[in-house]
Amino acid sequence: MFAFVEGVLELLEPDSCVVDIGGLGINVNITQRCSAEIGNLGDHVKLYTYTQVAEDTFQLYGFDNRDDLDMFRKLVGVSGVGPKSALSLLSVLDSDSIRYAILSDDIKAL
């Protein structure tokens with residue numbers, strides 16, 4: 001639904017942020033790695049997003065690069081893996097590490 005959000009970083013927490021887009025604050029769930037790397041309050045940011053629309057919720061998940069967004073999409077496509085689990089996994093491992101763990105059957109890493 002939304003390909004990305006771009007604006008001023010208004011609020012930053014370990015697992016979410018608010019991006020001000022022309023006076024509209026957009027809440028975005030992010031990884032802890034993204035939170036550490038995104039910048040400081042007041043900085044201009046761009047996050048590539050995945051939109052989850054369910055019966056009782058509308059959530060945005062944001063990533064500072066398209067590779068992590070693509071991996072997130074693949075992870076949530078796996079039966080039993082939801083957005084929160086995928087976000088948690090991407091908080092501790094980057095996309096390349098996840099690919100390597102899958103290809104090498106490293107269950108412990110996952």
Side-chain angles (χ1 to χ4, degrees):
M1 178 174 245
F2 298 108
F4 64 87
V5 296
E6 186 172 10
V8 177
L9 186 61
E10 182 70 25
L11 176 71
L12 181 61
E13 296 180 348
D15 59 354
S16 67
C17 68
V18 174
V19 180
D20 181 338
I21 303 171
L24 177 65
I26 305 294
N27 188 52
V28 183
N29 297 296
I30 57 177
T31 66
Q32 291 178 1
R33 281 187 317 104
C34 183
S35 178
E37 298 170 0
I38 195 171
N40 299 309
L41 297 181
D43 288 351
H44 183 268
V45 297
K46 181 175 185 177
L47 295 171
Y48 300 96
T49 58
Y50 173 88
T51 308
Q52 178 195 26
V53 179
E55 185 175 304
D56 60 346
T57 187
F58 180 90
Q59 297 284 323
L60 281 179
Y61 295 87
F63 306 90
D64 55 358
N65 64 72
R66 291 182 186 193
D67 195 35
D68 283 352
L69 172 61
D70 291 340
M71 179 56 69
F72 181 83
R73 286 183 175 146
K74 289 175 184 169
L75 289 169
V76 297
V78 174
S79 179
V81 178
K84 289 184 181 180
S85 297
L87 201 65
S88 294
L89 185 57
L90 281 164
S91 286
V92 295
L93 295 173
D94 62 24
S95 297
D96 288 335
S97 298
I98 293 172
R99 280 188 201 90
Y100 181 77
I102 291 169
L103 291 173
S104 62
D105 289 327
D106 187 355
I107 303 301
K108 186 177 180 180
L110 297 174

statement: Rounded to the nearest 0.5 angstrom, the NZ-CZ distance for K46 and F63 is 15.5 Å
- prompt: If Ile, Leu, Val, Met, Phe, Trp and Tyr residues are connected whenever their side-chain heavy atoms lie under 4.5 Å apart, and connections chain through other members, are V28 and F58 in the same group?
  reply: yes
query: Side-chain contact, heavy-atom cut-off 4.5 Å: S35 with L12?
result: yes
task: Using the rule that two of Ile, Leu, Val, Met, Phe, Trp, Tyr join whenever any of their side-chain heavy atoms come within less than 4.5 Å, decide whether I26 and V45 are in one cluster.
output: yes
- request: Taking all heavy atoms of Q32 and all of S91, pick out the closest pair and write down the distance.
  value: N-OG, 3.0 Å
task: Would you name the heavy atoms of D68 and N65 that are closest together and state the gap between them?
output: N-OD1, 2.7 Å
query: Got L47 and C17 here, is their nearest side-chain heavy-atom distance under 4.5 Å?
result: yes
query: Below 4.5 Å, heavy atoms only, C-beta onward: do L87 and D15 meet side chain to side chain?
result: no
message: Once rounded to the nearest 0.5 Å, what's the spacing between atom CZ of R33 and atom CG of D64?
response: 7.5 Å
- request: Is it possible for you to say whether F4 and V8 belong to one hydrophobic cluster, with membership spreading through side-chain heavy-atom contacts below 4.5 Å?
  value: no
- prompt: Any side-chain heavy atom of L69 within less than 4.5 Å of one from R73?
  reply: yes
Backbone of F2 reached by a side-chain donor or acceptor of T49 within 3.5 Å: yes
Y61 and Y50 aromatic ring geometry - parallel, tilted or perpendicular at 30°/60° bounds: tilted
- request: Start with the C-alpha distance between V78 and K74, add both sets of side-chain angles, then the distance that settles side-chain contact (heavy atoms from CB on, under 4.5 Å), and finish with yes or no.
  value: CA-CA 7 Å; V78 174; K74 289 175 184 169; over 6 Å; no
query: Would a distance-only check, ignoring hydrogens and angles, find a side-chain to backbone donor-acceptor pair under 3.5 Å from N27 to V18?
result: no
- prompt: Do other residues, nucleotides or ligands put more than 12 heavy atoms under 6.0 Å from K84 NZ?
  reply: no
- prompt: Of all heavy-atom pairs between V76 and A86, which one has the smallest distance, and what is that distance?
  reply: CG1-CB, 3.9 Å
- request: Please assess D67 against D94 for the test side-chain contact (heavy atoms from CB on, under 4.5 Å), listing each intermediate value before the final yes or no.
  value: CA-CA 9 Å; D67 195 35; D94 62 24; over 6 Å; no
query: Are I30 and L41 connected in the hydrophobic side-chain network, where two residues link if heavy atoms are under 4.5 Å apart?
result: yes
message: If hydrophobic clusters are built from ILVMFWY residues whose side chains come within less than 4.5 Å, do L11 and I38 share one?
response: no
